[in-house]
*Asks:* 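The structure follows.
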Amino acid sequence: MTWFSTIPTVIVLASIIYLPGLLITLGYTRRPWLLAGLSPLLSASVLAIAALLSGAIPGTWGIPLIIAVTAVLAVLSWTSAYLLRPRHRSARRYNQTVEKTSLRIKLLTGCALVINAFMVLVMFVIPTHGANAINQIYDTPFHFSVIRWIIDNADASSLHTVKLDGTANSIFYPSLWHGWVSLGSLVTGASIPLAVNASTLVILLFIWPLCMGTLTKTIVGDQKPYAYPIVIALASIFGAFPWNFLSFGPLYSNQFSYAIAPAYMAVLLLLIRYLLAGRFKAWQPLCGMVCTILLGFIAFTFAQPNSLFTLAVLIFPALCMGILELGMQGGKKPLLISVVAVIALVILAVFLWIKVHDASFMQRTVTWVWPPYHTPLKGLLATLSLATTGGGAQIGLAMLVLAALIYSLFKPYRWLAISYVLISFLYWLASSVNGTFRDYATGFWYHDSTRLSAAMVLIALPLLAILFSTGIEYIFSTLSSSSQKNWLIVACALALVGMNAQAYTGSNLDSKRFSISSATDKADYHFLNEGENKFMSTVQEKITGDKKIANNPFDGSALGYPLFKTNVLFPAFEGNWMGKPTKDQTIIRTGLAEVVNKPDVVCPAVKDLNIGYVIRLGRDTEELNYDPERWKGIDKINSDTKGFKLIAQEGKLSLYKITACNN
């Protein structure tokens with residue numbers, strides 16, 4: 001299937017993630033760079049609220065519900081903006097004026113989007129084997145199954161999607177991204193794999209670069225106009241993000257939440273500046289920022305909560321530096337007060353960090369075992385050279401980041417350097433150190449260095465944009481004619497193309513491109529080959545009633561539910577289960593083959609779980625967390641096993657009906 005087939009789904013998904021937020025944001029601002037970043041952020045909050053409502057009102061998930069929530073929030077936004085508008089005519093006119101951007105910046109921004117699109121082409125579109133290709137790494141069956149569950153139940157609530165795996169004590173799973181993708185499939189009729197790939201295109205082409213542009217513009221203001229297009233052009237130059245999230249996991253939910261994170265950082269930064277400036281009487285912008293932050297918090301809670309901790313780490317230095325700089329302007333006494341305030345803030349932050357870490361609802365996350373894989377020295381070298389998560393080094397890029405860090409220390413952007421060092425330190429801890437301190441410091445990210453290395457990119461990109469923009473402005477100041485300046489713009493655009501091309505040929509991006517290609521290669525399926533796909537597509541036709549099919553998900557049958565609506569008992573790999581296996585599930589996966597010998601133990605579990613069949617794809621697996629002992633109840637079943645009747649077979653592929661237990 002060609003990539004042109006994704007166009008309708010891309011348009012639908014882009015509309016869903018931009019239009020609701022745009023309608024809400026327009027109540028408070030007309031500034032294009034803010035609209036470009038805040039629209040997907042606020043649309044995500046619309047999806048989150050609508051998803052919760054769909055859980056409370058069964059069967060309502062769909063476009064009409066999205067429209068209703070959007071209408072309510074848009075009315076509230078426009079009404080509050082009108083009631084709180086500045087009374088002075090000039091202030092009101094300034095707030096509603098569309099900013100004028102020079103033609104040169106507009107053209108460069110357009111070129112930047114094209115440059116980023118080229119990187120998406122060579123890093124994602126070409127390596128991925130078709131628009132309908134499946135990224136066959138560990139988390140995929142779970143993600144696909146959640147999308148199918150939402151479609152089947154018209155319920156996208158993160159409080160209900162945990163019912164998917166049937167495990168005990170499952171309470172919450174952030175499924176905002178899944179709900180968004182399900183809408184693309186529902187509206188266009190696209191398959192789940194195609195809808196997933198279309199959502200990735202929307203994130204890579206629009207959401208991520210434009211949200212990063214919003215953050216960068218917020219940091220530099222009007223002082224460095226070229227920083228905005230530059231950061232868009234460089235958005236895909238780092239291997240750690242967004243590419244590593246597609247070659248590891250895949251971390252679809254986290255990729256979406258990190259893509260909108262820069263816009264949220266921008267609003268937090270605006271609020272910090274606003275409060276430190278003491279502008280409490282201008283209620284309209286204050287209300288807009290506070291409401292955006294509250295809605296954004298909802299979005300991140302239901303997209304991927306670990307992004308909130310990422311944002312806290314990255315924005316905290318900006319708050320502390322703002323307080324210190326405010327104190328420096330008033331003399332010794334105000335400076336002393338600001339120092340004490342910062343110390344108190346740090347102590348409070350550490351206290352809250354520990355309390356949240358120790359909370360019962362966080363234990364599944366913070367106790368996840370993801371051991372370090374570097375020695376401390378190798379981890380430090382990997383951090384400095386951007387050879388993160390086992391990828392190759394990006395030496396040239398690392399040197400530029402270092403230069404940008406040094407430059408920022410002497411400018412009003414020094415908080416960026418502190419944030420980068422802080423998040424890099426957490427990456428180093430996760431990848432290289434063991435111990436209690438590491439457990440508390442990196443637990444909110446599952447101790448997974450992949451997510452922490454991606455957070456480094458959220459700061460590195462603005463740093464690079466500031467550095468390059470400064471260089472362009474310096475050269476501009478030495479030129480006299482407009483033609484010379486225009487040629488400089490052309491040279492800059494070519495230089496950005498060259499930087500992306502150089503990074504593309506580097507070992508880090510090269511390895512990510514190879515991983516994406518390998519994971520989606522139709523000739524080398526990791527989960528389902530062509531024969532198994534064909535067999536699975538006919539299984540549901542042979543099932544009578546609503547009986548479930550016992551399966552070992554590691555043989556690829558977990559994909560039966562999302563791809564073919566096959567009612568398998570285990571639609572996800574063990575490591576993705578949201579709770580603990582129930583007693584009945586444990587009996588089935590370890591003892592179903594003994595149903596004739598142990599009917600008093602096995603038959604009650606068969607009936608309680610409503611199982612009528614068993615599927616065996618018979619493939620060996622080397623997947624993470626796979627333990628054959630935990631699946632011997634399924635794996636030992638064959639045509640000679642008593643209590644089962646063979647009803648379909650293709651070579652080693654077989655489907656059995658359970659004849660024991662009076663089934």
Side-chain angles (χ1 to χ4, degrees), residues 134-175 177-179 181-182 185 191-193 195-196 249-250 252-253 525-528 532-533 535-540 542-543 546-582 584-589 592 605-606 608-617 619 621 623-626 630-631 633-635 653 655:
I134 300 168
N135 195 334
Q136 300 199 65
I137 43 184
Y138 196 90
D139 293 353
T140 297
F142 172 74
H143 289 307
F144 281 24
S145 294
V146 173
I147 296 169
R148 172 62 65 193
W149 191 95
I150 292 172
I151 293 172
D152 288 349
N153 294 276
D155 179 357
S157 173
S158 295
L159 302 177
H160 294 165
T161 51
V162 291
K163 297 177 182 178
L164 167 73
D165 56 39
T167 52
N169 302 318
S170 301
I171 300 173
F172 172 82
Y173 176 72
S175 52
W177 171 84
H178 305 81
V181 175
S182 74
S185 183
S191 68
I192 289 176
V196 167
Y252 290 123
S253 298
Y525 275 93
H526 305 278
F527 299 150
L528 293 178
E532 290 162 344
N533 261 304
F535 182 76
M536 287 292 295
S537 67
T538 64
V539 165
Q540 199 61 33
K542 305 179 186 301
I543 305 300
D546 61 349
K547 294 289 186 179
K548 290 185 177 180
I549 306 170
N551 68 306
N552 178 347
F554 289 98
D555 65 12
S557 57
L559 282 171
Y561 174 57
L563 299 186
F564 308 108
K565 300 184 182 180
T566 305
N567 195 15
V568 294
L569 181 62
F570 299 108
F573 293 155
E574 196 173 358
N576 293 123
W577 293 352
M578 289 295 100
K580 300 292 183 182
T582 64
D584 287 342
Q585 287 176 328
T586 301
I587 290 171
I588 294 301
R589 64 180 182 145
L592 181 59
V606 169
D608 288 345
L609 294 173
N610 193 32
I611 302 171
Y613 302 86
V614 180
I615 192 168
R616 291 280 291 110
L617 300 187
R619 299 186 73 210
T621 182
E623 288 295 334
L624 187 68
N625 297 330
Y626 179 68
R630 292 202 287 262
W631 297 97
I634 307 292
D635 293 344
L653 316 178
L655 178 69

*Asks:* Indicate, with yes or no, if the rings of Phe527 and Phe573 have centres closer together than 6.0 Å.
*Replies:* yes
*Asks:* Nearest 0.5 Å, what's the CD1-CG distance between Ile611 and Asn551?
*Replies:* 9.0 Å
*Asks:* Can you see which heavy atom on Ile615 is nearest to which on Asp555, and at what distance?
*Replies:* O-OD2, 4.5 Å
*Asks:* Please verify the inter-ring angle class for Phe554 with Tyr138; under 30° counts as parallel, over 60° as perpendicular, anything in between as tilted.
*Replies:* tilted
*Asks:* Is there a side-chain contact (heavy atoms from CB on, under 4.5 Å) between Ile150 and Thr161? Walk through the geometry before answering.
*Replies:* CA-CA 7 Å; Ile150 292 172; Thr161 51; 3.8 Å; yes
*Asks:* For the pair Ser158 (side chain) and Ser175 (backbone), establish whether a donor and an acceptor sit closer than 3.5 Å, ignoring hydrogens and angles.
*Replies:* yes
*Asks:* Do Gln136 and Thr140 come close enough that some side-chain heavy atom pair is under 4.5 Å?
*Replies:* no
*Asks:* Atom CG in Asn153, atom CZ in Arg148: separation rounded to 0.5 Å?
*Replies:* 11.0 Å
*Asks:* Say you draw a straight line from CG of Asp155 to CG of Asp152; how long is it, rounded to the nearest 0.5 Å?
*Replies:* 11.5 Å
*Asks:* Check the pair Thr566 / Met536 against side-chain contact (heavy atoms from CB on, under 4.5 Å), numbers first and verdict last.
*Replies:* CA-CA 8 Å; Thr566 305; Met536 287 292 295; 4.3 Å; yes
*Asks:* How about His178 and Ser253: do any of their side-chain heavy atoms sit closer than 4.5 Å?
*Replies:* yes
*Asks:* Once you measure the plane-to-plane angle for Phe570 and Trp631, does it fall in the parallel (<30°), tilted (30-60°) or perpendicular (>60°) bin?
*Replies:* perpendicular
*Asks:* Please report the shortest heavy-atom distance between Gly166 and Thr582, naming the atom on each side.
*Replies:* O-CG2, 3.5 Å
*Asks:* Has the side chain of His143 got a donor or acceptor atom that lies under 3.5 Å from a matching backbone atom of Pro250?
*Replies:* yes
*Asks:* Where is the tightest heavy-atom contact between Pro571 and Ser145, given as atom of each residue plus distance?
*Replies:* O-OG, 2.8 Å
*Asks:* Are side-chain heavy atoms of Ile171 and Val162 found at a separation under 4.5 Å?
*Replies:* no
*Asks:* Run the side-chain contact (heavy atoms from CB on, under 4.5 Å) test on Val181 and Ile192 for me, step by step, so that the C-alpha distance in whole Å, both residues' side-chain angles and the decisive distance to 0.1 Å come before the verdict.
*Replies:* CA-CA 8 Å; Val181 175; Ile192 289 176; 5.6 Å; no
*Asks:* In the structure I gave you, are the side-chain heavy atoms of Tyr613 and Lys542 within less than 4.5 Å of one another anywhere?
*Replies:* no
*Asks:* Considering only heavy atoms from C-beta outward, does the side chain of Ser185 approach that of Ile151 to under 4.5 Å?
*Replies:* yes
*Asks:* Measuring from atom CG of Leu559 to atom CZ of Phe142, what distance do you get when rounded to the nearest 0.5 angstrom?
*Replies:* 13.5 Å
*Asks:* Does Gln540 reach the main-chain N or O of Asn567 with its side chain, forming a donor-acceptor pair under 3.5 Å?
*Replies:* yes
*Asks:* Taking side chain as C-beta onward, heavy atoms only, is Asn135 less than 4.5 Å from Tyr252?
*Replies:* yes
*Asks:* CD of Glu574 to CG of Asp165: how many Å apart, nearest 0.5 Å?
*Replies:* 11.0 Å
*Asks:* Is the distance from the ring center of Tyr561 to that of Trp149 below 6.0 Å?
*Replies:* no
*Asks:* Tell me the closest heavy-atom pair linking Pro193 and Phe144, and the distance in Å.
*Replies:* CG-CE2, 3.7 Å
*Asks:* Whether the side chain of Asn610 engages the backbone of Asp546 through a donor-acceptor N/O pair (distance < 3.5 Å, no angle test) should be reported.
*Replies:* yes
*Asks:* Is there a side-chain contact between Leu653 and Arg616, using heavy atoms and a 4.5 Å cut-off?
*Replies:* no
*Asks:* Which pair of non-hydrogen atoms, one from Ala550 and one from Ile634, has the smallest distance, and what is that distance?
*Replies:* CB-CD1, 3.9 Å
*Asks:* Between Asp635 and Asn552, do the side chains contain a donor N or O and an acceptor N or O under 3.5 Å apart?
*Replies:* yes
*Asks:* If you compare all heavy atoms of Leu528 against all heavy atoms of Gly556, which two are closest, and at what distance to 0.1 Å?
*Replies:* CD2-O, 3.4 Å
*Asks:* Using a 4.5 Å cut-off on heavy atoms from C-beta on, say whether the side chain of Ile549 contacts that of Leu655.
*Replies:* yes
*Asks:* Got a second to check how far Ile587's CD1 is from Leu609's CG, nearest 0.5 Å?
*Replies:* 9.0 Å
